[in-house]
J.: 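Structure below; questions to follow.
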Number of protein chains: 2
Amino acid sequence: MKNEGSPMSKSKQPTIIDVASAAGVSIATVSNVINRRKVPMAPETIRKVEEAVVTLGYRRNVMATNLSRRRSYELGLIIPHFGGYYGRFAEKLEQRVHHFGYHLSVFSAAGMDPEIEQRHLEHLLQRRVDGLVSHGLAMSMQSTQQLVGEGTPLVIFNGWGWPSEIVKLAVNLDFAKASSQAVQHFLANGCRSVVYAGRRMGMGANEQRIQGFETGLAEHGEPVVHALLDAGELGVVGTLDEALRLSGDLRPIGIYTFNDALSLELLAVCHERGIRVPEDVQLIGMDNEFFARASFPSITSFEMPVDLQTSLVAAFLMREIGEELDEENTQLLEMYLPHVAGHELFIDLEMIERKSTGN
Amino acid sequence: MKNEGSPMSKSKQPTIIDVASAAGVSIATVSNVINRRKVPMAPETIRKVEEAVVTLGYRRNVMATNLSRRRSYELGLIIPHFGGYYGRFAEKLEQRVHHFGYHLSVFSAAGMDPEIEQRHLEHLLQRRVDGLVSHGLAMSMQSTQQLVGEGTPLVIFNGWGWPSEIVKLAVNLDFAKASSQAVQHFLANGCRSVVYAGRRMGMGANEQRIQGFETGLAEHGEPVVHALLDAGELGVVGTLDEALRLSGDLRPIGIYTFNDALSLELLAVCHERGIRVPEDVQLIGMDNEFFARASFPSITSFEMPVDLQTSLVAAFLMREIGEELDEENTQLLEMYLPHVAGHELFIDLEMIERKSTGN
DNA sequence: CTGTTAGCGCATTCAC
DNA sequence: GTGAATGCGCTAACAG
């Protein structure tokens, strides 16, 4: 066919065809220099192409690239929201996968909304991402299975009870162990009554905390006054009231909360009531947020090992995709994978002792 | 055990050709029903296609779709980090543009790192997003211009001094006015000395606060002991020390901080030193973060009008892209656009009075 | 109403 | 070393 010199004025964004004709070479050559292929090329050719790229302001079209490569070099991440731990997780994971030449698209499910979550998942899949990472999803497992199918490897973090047909690996923080540790810290500190103040009863992360809370009590041996409270239901004030009521005049009371935010709110109520922390009430939170350190008194909390968690997620996913791992990442997987119970891997949390428990 | 290329199994993902042959129709027909086109079609045909789609587990390939459409129906957002205000902004904007049938890809620049920022921008452009939204970027204007060029409309939020050749519109929060208001609130509350404690001196958002701070002082008429401090340089403790030193025994001292986080940190130091808030020191923050409400005493702050800001950004960008606006959005633009000074639009912040200023 | 065909921008064999 | 040719999966006229 007679394909006259395609008018560059046609579409404003230049293509490799424009670059090729500007440099006086073929599009294959342009592709080769752009992708820094190992094929031998004349230095002069390279120079001409690079010059044309700059002067034309050429920018490759990744849609075309991916379509042709049948691979996107993109990963998707779904988190409940951008704040706190999840935001830090996203940022760190982005860095990690970039190291392997992948991009990470992050989507927030706007507070565990299953519909939004599903929409994002679907979109990521339509974009043919090479791999998926998600928090323990709110949506039903069945719909997820159908969504993900066999095509795209899915790694979960902080999700419990997912069948291995759906999820390749779950990289979980060991909230149960941490919770047990919290209880024992209270008891070692002289608390004569301990309370767990949770949120969203029924969610996996909450269940893990409850389980650990009870383990901690059991290991103590002697019976202790204790309770499980739902701050979502009772409200912050109601939770404190209930804790006080249940404890009678046993002091101090140890209150272990679902997260730092709840601890901070309880702390504010204690201040208002003239309840002393840590003399009357001791607090332990979770997440080690900025304000746990900056509050008065500062709040004992658990540091989230985002570095390790994202490292494991990234390394495993990369291997799953067929990417070559360096020595460090290989060792990392060898070190942790054997410890996997089923396909769930557990990472320890570190307690940061602060004033709210008298330290 | 050599891993078989999981990504290769994706080649088994069905295409419209598979669907077409399974349903016994042509690919054009499949395309028509998938996209719910207005062309008349036999109900039976639709049913057959939809059935084939389900049984085959067909999922459209958006890369191919976009390539063909020469349009991505995607927007990009770049923010310095996922936390707090920026995270809320991202979530809200995502909702807004979804309403118009667009997806929003959010990227965090990991704390104003110009290199990462530029990388994300470049990637978004390579993906041929239809529009871009960014905070006042850390990178140089020149490189941005080259990056964005004439192709993709760019809307900035909270960025000052960007030439209109680069930026179509800047939707800014009026930090200057808010800062002026903060100072006047201190003075009306009896503060005999006022201090601005900033961070990252030199950044636009900080400059705006300083400007407003000085305006507020000027409008007061009578001279007041005051100072501009850089908490990034002095540290939190150093900042408080300096404020106390400069104020002699003038009390109370009003300290207006760059954000709530800094207020909270100052509050903690006050507690340690036995300095009373608000009797000796009054505090006003910015962002109205969760902990501003939950701290003790609670901290007066400015609420960020994320709803309005994202509405304006979305409406303007949609119109710029050539999308049809509904009545509501049209009115919104008509209401605010005339007030634009140059191409910078200002939105008022609302002060939330709390205990840290004696309310 | 439904099928045919020509791109979209790029990667990737193979010949030259 | 370099360049035509083919295909990736889908959309969009244009025929029939």
Side-chain angles (χ1 to χ4, degrees), chain A residues 1-4 6-8 10-49 52-53 56-73 125-128 151, chain B residues 7-8 10-49 52-53 56-73 125-128 130 151:
Chain A
M1 299 297 123
K2 58 266 190 99
N3 189 8
E4 298 298 282
S6 35
M8 314 187 275
K10 187 170 180 184
S11 67
K12 37 193 171 166
Q13 300 255 18
T15 73
I16 55 169
I17 299 181
D18 301 320
V19 176
S21 70
V25 298
S26 78
I27 65 167
T29 303
V30 174
S31 177
N32 281 334
V33 6
I34 286 176
N35 294 295
R36 293 181 183 74
R37 294 235 172 66
K38 58 284 166 190
V39 297
M41 295 176 296
E44 175 61 8
T45 306
I46 297 180
R47 198 196 55 73
K48 281 193 300 184
V49 172
V53 164
L56 290 182
Y58 168 77
R59 184 147 38 215
R60 112 208 276 155
N61 184 324
V62 311
M63 296 184 283
T65 302
N66 293 345
L67 187 59
S68 185
R69 283 204 177 117
R70 314 170 84 221
R71 188 109 194 248
S72 67
Y73 288 95
L125 257 14
Q126 290 191 171
R127 227 155 69 186
R128 298 298 190 268
Chain B
M8 277 309 100
K10 282 204 296 194
S11 60
K12 217 179 66 84
Q13 291 236 12
T15 74
I16 53 170
I17 299 181
D18 301 320
V19 176
S21 72
V25 298
S26 79
I27 64 168
T29 301
V30 174
S31 178
N32 280 334
V33 7
I34 285 176
N35 294 295
R36 293 181 185 72
R37 293 236 173 67
K38 59 284 165 189
V39 298
M41 295 176 297
E44 175 61 9
T45 306
I46 297 180
R47 199 196 55 71
K48 281 193 300 185
V49 171
V53 165
L56 290 182
Y58 168 77
R59 184 147 37 214
R60 118 211 273 153
N61 184 325
V62 310
M63 296 184 283
T65 302
N66 293 346
L67 187 59
S68 184
R69 281 200 177 122
R70 314 168 92 220
R71 209 138 172 212
S72 66
Y73 288 94
L125 257 14
Q126 290 191 170
R127 229 155 69 185
R128 297 296 189 268
D130 297 328

J.: Is there a donor and acceptor pair, one atom on the side chain of A/Thr65 and one on the base of C/dG9, closer than 3.5 Å?
T.: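 Between C/dG9 and A/Thr65, which were checked side chain against base, a qualifying N/O pair under 3.5 Å is absent.
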J.: Would you mind telling me which residue lines up with the more 5' stretch of DNA chain C, B/Thr29 or B/Ala64, judged by nearest nucleotide?
T.: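 Closest to the 5' end, via its nearest nucleotide, is B/Thr29.
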J.: Give one of base, sugar-phosphate or nothing for B/Val25, where a contact means two heavy atoms less than 4.0 Å apart.
T.: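 Sugar-phosphate, no base atom in range.
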J.: So, is A/Asn61 near the phosphate of C/dC8, with a side-chain N or O under 4.0 Å from OP1 or OP2?
T.: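 Result: no.
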J.: Tell me whether the side-chain N/O atoms of B/Arg70 come closer than 4.0 Å to OP1 or OP2 in C/dG7.
T.: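 So the side-chain polar atoms of B/Arg70 never come under 4.0 Å of the phosphate oxygens OP1 or OP2 of C/dG7.
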J.: OP1 or OP2 of D/dC10 versus the side-chain N and O atoms of B/Tyr58: is any pair under 4.0 Å?
T.: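 So the side-chain polar atoms of B/Tyr58 do come within 4.0 Å of the phosphate oxygens OP1 or OP2 of D/dC10, strictly under.
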J.: Examine D/dA4: is either OP1 or OP2 under 4.0 Å from a nitrogen or oxygen in the side chain of A/Ser26? Give yes or no.
T.: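 No, outside the criterion.
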J.: Among the candidates D/dA12, C/dC10, D/dC10, find the nucleotide nearest to the side-chain atoms of A/Arg60.
T.: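 That would be C/dC10.
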J.: Does a side-chain N or O of B/Ser31 approach OP1 or OP2 of D/dA12 to a distance below 4.0 Å, or not?
T.: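 Answer is no, no contact under 4.0 Å.
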J.: Is A/Ser68 side chain donor-acceptor paired with the D/dG7 base, going by distance under 3.5 Å alone?
T.: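 Indeed there is one.
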J.: Would one find a side-chain N or O of B/Asn66 under 4.0 angstrom from OP1 or OP2 of D/dC10?
T.: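 Checking D/dC10 against B/Asn66, no side-chain N or O comes under 4.0 Å of OP1 or OP2.
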J.: Identify whether any heavy atom of B/Ala28 sits under 4.0 Å from a base atom; if not, whether one sits that close to sugar-phosphate; answer base, sugar-phosphate or nothing.
T.: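 It contacts base atoms.
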J.: Are A/Arg71 and A/Tyr73 in a cation-pi setup, meaning NZ or CZ lies under 6.0 angstrom from the ring centre and within 45 degrees of the ring axis?
T.: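 So A/Arg71 does make the cation-pi contact.
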J.: Would you give the length of the straight line joining atom CG of A/Asn66 to atom CZ of B/Arg127, rounded to the nearest 0.5 angstrom?
T.: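 One finds 9.5 Å between CG of A/Asn66 and CZ of B/Arg127.
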